[in-house]
Structure formats: structure tokens, C-alpha cells
Number of protein chains: 2
Amino acid sequence: MDSESPLSELLCFDLYAASRSVTSVYRVLLDPLGLTYPQYLVMLMLWRHGDRTVRELVDELRLDYNTLSPLLKRLEARGLLERRRRPDDERSVTVLLTDEGRALQEKTRDVPKAISDAIGLDDAVIADLQEALRTLASNATAHAAHMSTNTAK
Amino acid sequence: MDSESPLSELLCFDLYAASRSVTSVYRVLLDPLGLTYPQYLVMLMLWRHGDRTVRELVDELRLDYNTLSPLLKRLEARGLLERRRRPDDERSVTVLLTDEGRALQEKTRDVPKAISDAIGLDDAVIADLQEALRTLASNATAHAAHMSTNTAK
DNA sequence: AGCGACTACATCGCGCACGATTTAATCGCG
DNA sequence: CGCGATTAAATCGTGCGCGATGTAGTCGCT
């Protein structure tokens with residue numbers, strides 16, 4: 001974008017651009033399956049770890065209810081999953097896969113390799129990158145929370 | 001999120017989460033100014049480099065017309081900029097700052113430092129991170145373009 | 001000059017993100 | 001037990017992101 005910005009603002013722009021570019025790769029792969037990237041993340045959780053409450057998905061994917069609620073509704077409408085109120089706590093909703101939802105997993109078999117190829121970085125670089133991103137996200141999230149509670153500077 | 005995914009898919013998730021966390025920091029900073037992060041990026045370009053055509057903004061911010069067109073319309077509606085058809089090429093639209101748009105720059109003086117603090121990484125790490133992200137984005141964009149033109153595997 | 005290809009931009013539709021608000025169920029504490 | 005506080009989830013509104021489509025304006029080629 002630029003050359004005279006402070007380093008951290010340039011980084012943020014690169015992060016923003018990189019994230020969108022990765023999503024666009026997922027789009028190419030997932031569109032034939034009728035899934036978006038966030039939807040794929042939900043399906044991944046269910047395939048790997050079985051039934052989850054909406055709250056667990058919120059925590060694990062770091063998305064909000066207001067993003068997940070309609071997203072789950074769409075996945076349910078497509079017949080991939082079912083939402084069921086918990087009998088022991090009527091506030092909670094358990095999300096569970098249908099047979100069709102389970103069957104879809106097979107069609108995603110080649111996704112990880114395709115992503116790995118598209119990224120084109122070797123594992124050592126990826127590991128470093130990942131650690132830096134996690135630190136960054138953790139710092140930023142904490143900072144944002146703190147800043148918005150403190151009205152004053 | 002997980003521990004048994006291939007490394008590159010985990011990285012993508014971290015990238016996605018990190019990008020949103022950074023945006024949330026910008027939100028805290030920019031909301032009092034009535035700007036979103038993408039809007040701030042446009043204003044940055046205009047503050048630093050002066051008048052731009054829509055096409056130049058598309059290229060420099062790597063956003064599409066269908067994202068920028070309504071965004072610029074909103075900024076124009078707020079009186080921060082003006083859109084003007086070029087006389088020499090009636091297809092092009094030049095975007096230029098109003099006095100109010102120029103005046104807004106001063107209120108963003110503390111943003112870079114606040115971002116730097118929120119990120120909480122030292123410059124060496126940031127530089128590495130940035131290079132990896134640029135390589136990744138460049139690879140991914142090329143790959144996505146290639147994959148979608150090739151219908152066959 | 002004429003016409004097809006290309007370009008710059010706009011518009012539409014859909015699915016996120018996310019702040020704000022609402023509803024219903026459960027918990028905690030006197 | 002009763003009632004205020006908390007929690008889980010849903011809904012609404014706004015602004016991206018982006019595929020698909022539409023519309024002028026310009027270029028290239030004969």
C-alpha cells in the first residue's frame with residue numbers, strides 16, 4: 001500500500017489483505033460444496049468433535065452469536081445439521097450433524113492439501129507465522145476490550 | 001481452534017481471527033471519528049497521496065469496485081470527499097478531499113501509536129510477519145485466480 | 001466513419017461481522 | 001420461596017466483501 005506508514009499500520013493492512021486472499025482460495029474450493037469459509041469452520045468443528053452447543057462454537061471459533069445464529073440457521077435449512085434445545089437447560093441449543101452433514105465431510109478431503117499448496121510456505125515459516133499471529137490476536141483483543149471500557153484515554 | 005488439523009489450515013484460522021481482532025482495535029479508535037477501517041484506508045491514501053481515481057484506489061487497496069463504490073458514496077455523503085467525472089475520460093471518476101476531509105486527518109494523529117501498542121510486537125517480529133504475509137497473499141491470490149479459471153482439477 | 005472489444009464504474013444480491021436490543025431460562029442470595 | 005442478576009440465544013440495522021450483471025465511454029481496426 002504505502003511506504004511511509006509506521007510499520008504496525010502497514011502490517012495491519014497486509015494482515016487484512018492476506019486474510020481476504022486466503023478466504024478467496026477457500027471460496028474456490030468450497031463454493032462447489034455450497035459452503036462459505038465460516039460455514040466450513042462450523043462443519044469442521046462438528047466433524048472433528050461431535051455435537052456442540054452454540055456457546056461452544058462461539059468460544060471455539062471466536063465468532064459472536066449474532067454471526068453464528070443466522071449461519072447455523074442456513075446450514076440447518078440446507079439439511080446439514082439440526083438445532084435442538086437442551087432438555088436440561090432450555091436456554092442452550094445443541095447443534096448436531098444430519099447424515100447429509102456427515103456425508104459432506106468426504107467431499108472436503110482434498111481441501112487441506114489445496115490450501116497448503118496455495119499458501120506456498122514451508123512448515124517452519126508457517127509455525128513462526130502462526131505463533132506471531134496468535135500473540136498479536138491475543139494482545140489486540142485484550143487491548144480492544146480494555147480501550148472500549150475505559151472511556152478516557 | 002484445534003490441534004489435529006494440518007498446519008496450513010490452522011494458520012488460516014489464526015489469520016482470520018487475527019485480522020478480525022485488529023479490525024476491532026481500529027473500530028474502537030475510529031468509531032469516534034465516524035470511520036470504519038476500510039474507510040480509514042481510503043482516507044489515508046488521499047491524505048498521503050492526494051487525489052486518486054477510483055481505479056487507483058481499487059489497485060492500491062486491493063478492494064473491488066463493488067466494495068469501494070458504495071463506500072466512497074458514503075464518505076461523500078458525510079462531506080469528507082467529492083467524486084468528479086474526469087473531463088478527459090468520462091469513464092473515470094476522480095476522488096478528492098473536501099476541507100472537512102482534510103481536517104479529519106488531525107484527529108487520527110494518535111492512531112498509529114495506539115495500534116502499535118495494541119499489537120504489542122517489536123519491529124523485528126513485525127517485519128518478519130509482514131514479509132511472510134505478503135508472500136502468502138501473493139501466492140494465494142495467484143493460486144485462487146488459477147484454480148477458478150481451470151474448471152478441471 | 002463504423003463497430004466490436006475493452007475499460008471504468010455502478011448496482012444488485014447474499015452472507016458475513018458486529019454493536020445494540022430483546023426474550024426466555026436459570027442462578028444466587030437473602 | 002421470591003426476585004434481581006446473569007446467561008444463552010435470537011433479532012435488527014449497518015457496512016463491508018464479492019460474484020454477477022448492467023451501462024456508458026473509449027479504443028482499435030478496418
Side-chain angles (χ1 to χ4, degrees), chain A residues 16-28 30-32 34-42 52-59 61-78 83-95 141 144-145 147-149, chain B residues 16-28 30-32 34-42 52-59 61-78 83-95 141 144-145 147-149:
Chain A
Y16 171 58
S19 177
R20 283 184 293 119
S21 76
V22 164
T23 303
S24 78
V25 177
Y26 272 107
R27 195 186 325 279
V28 175
L30 297 176
D31 204 55
L35 289 178
T36 65
Y37 180 56
Q39 288 171 2
Y40 172 68
L41 291 176
V42 168
R52 312 306 276 157
T53 62
V54 178
R55 176 160 202 343
E56 285 167 335
L57 292 173
V58 162
D59 290 345
L61 301 178
R62 293 176 239 169
L63 290 167
D64 290 339
Y65 284 105
N66 42 12
T67 297
L68 275 177
S69 271
L71 186 156
L72 293 170
K73 216 170 171 182
R74 283 187 285 272
L75 289 177
E76 185 174 38
R78 289 194 196 187
R83 291 181 300 162
R84 225 176 259 167
R85 288 273 159 196
R86 286 184 92 115
D88 57 314
D89 184 346
E90 287 281 338
R91 292 171 303 175
S92 291
V93 169
T94 299
V95 178
T141 301
M147 289 169 88
S148 55
T149 52
Chain B
Y16 171 58
S19 177
R20 283 185 293 121
S21 77
V22 164
T23 303
S24 78
V25 177
Y26 272 106
R27 195 186 324 280
V28 175
L30 297 176
D31 203 54
L35 289 179
T36 64
Y37 180 56
Q39 288 171 2
Y40 172 68
L41 291 176
V42 168
R52 312 308 274 160
T53 62
V54 178
R55 175 161 201 346
E56 284 167 335
L57 293 173
V58 163
D59 290 345
L61 301 178
R62 294 176 237 170
L63 291 167
D64 290 338
Y65 283 105
N66 41 13
T67 297
L68 275 176
S69 271
L71 188 156
L72 292 171
K73 215 171 172 180
R74 283 187 284 272
L75 289 177
E76 185 175 38
R78 289 194 197 186
R83 291 181 301 163
R84 226 177 259 169
R85 290 269 160 200
R86 285 184 91 114
D88 57 314
D89 184 346
E90 287 281 337
R91 293 172 302 176
S92 290
V93 169
T94 299
V95 179
T141 301
M147 290 169 86
S148 54
T149 52

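Below, chain A is the first sequence line, B the second, and so on; all start at residue 1. Every heavy atom of this structure was used, including side-chain atoms; hydrogens, water molecules and symmetry mates were not.
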Rounded to the nearest angstrom, tell me the gap between atom [atom1] in [X] and atom [atom2] in [N].
X       : N      : atom1 : atom2 : answer
B:Arg84 : C:dA8  : CZ    : P     : 21 Å
B:Leu57 : C:dA8  : CG    : C1'   : 13 Å
A:Leu71 : C:dC18 : CG    : P     : 13 Å
A:Arg74 : C:dG13 : CZ    : P     : 17 Å
B:Glu56 : C:dC9  : CD    : C1'   : 14 Å
A:Asn66 : C:dA20 : CG    : C1'   : 9 Å
B:Asp31 : C:dG19 : CG    : P     : 9 Å
A:Arg20 : C:dG15 : CZ    : C1'   : 16 Å

Position toward the 5' end of DNA chain D (nearest nucleotide), B:Pro38 or A:Pro70: A:Pro70
Check every atom of C:dG19, C:dC16, C:dT11 against the side chain of B:Arg27 and return the nucleotide holding the closest atom. C:dG19
Specify the closest pair of heavy atoms between A:Tyr40 and A:Leu35, including all atoms of both residues, with the distance to one decimal. CA-CD1, 4.3 Å
What are the two closest non-hydrogen atoms of A:Val25 and B:Ala144, and how far apart are they? CG2-CB, 3.9 Å
Does some side-chain heavy atom of A:Val95 sit less than 4.5 Å from a side-chain heavy atom of A:Val54? yes
Is any side-chain heavy atom of A:Glu56 closer than 4.5 Å to one of A:Thr53? yes
Tell me what A:Asp64 touches on the nucleic acid: a base, only sugar-phosphate, or nothing, going by heavy atoms under 4.0 Å. sugar-phosphate
Determine the contact category for B:Ser92: base if any of its heavy atoms lies under 4.0 Å from a base atom, sugar-phosphate if only primed atoms, P, OP1 or OP2 are that close, otherwise nothing. sugar-phosphate
Out of curiosity, A:Asp89 CG to A:Arg55 CZ, how far, rounded to the nearest 0.5 Å? 11.5 Å
Please write out the pairs of protein N or O atoms and N or O atoms of nucleotides 25-27 of chain C separated by less than 3.5 Å, giving the distance to one decimal.
from: C:dT26; atom 1: OP1; to: A:Glu90; atom 2: N; distance (Å): 3.0
from: C:dT26; atom 1: O4'; to: A:Arg91; atom 2: NE; distance (Å): 3.4

Counting just side-chain N and O atoms, does [X] come under 4.0 Å of either OP1 or OP2 of [N]?
X       : N      : result
A:Thr36 : C:dC16 : yes
B:Tyr16 : C:dA17 : yes
B:Arg55 : C:dT7  : no
A:Thr67 : C:dA17 : no

Apply ring-ring contact (aromatic ring centres under 6.0 Å, His included) to A:Tyr37 and list each qualifying residue two or more places apart in sequence or on a separate chain. A:Tyr26, B:Tyr16
Nt span of DNA chain D in reach of chain B heavy atoms at under 4.0 Å, 5' end first, is D:dG15 to D:dT26
I'd like to know if the side chain of B:Arg85 reaches the main chain of B:Arg91, judged simply by a donor and an acceptor atom lying under 3.5 Å from each other, with no hydrogens or angles considered. yes
For B:Arg20, which residues count as a salt bridge (charged side-chain N to carboxylate O under 4.0 Å, His left out) partner, sequence neighbours excluded? none
Residues two or more places apart in sequence or in another chain: which of them pass salt bridge (charged side-chain N to carboxylate O under 4.0 Å, His left out) with B:Arg84? B:Glu82
Which atom pairs, one a donor and one an acceptor, fall under 3.5 Å between side chains of residues 67-76 of chain A and the rest of the protein, sequence neighbours left out?
from: A:Ser69; atom 1: OG; to: A:Tyr65; atom 2: O; distance (Å): 3.4
from: A:Glu76; atom 1: OE1; to: A:Arg83; atom 2: NE; distance (Å): 3.0
from: A:Glu76; atom 1: OE1; to: A:Arg83; atom 2: NH2; distance (Å): 3.2
from: A:Glu76; atom 1: OE2; to: A:Arg83; atom 2: N; distance (Å): 3.1

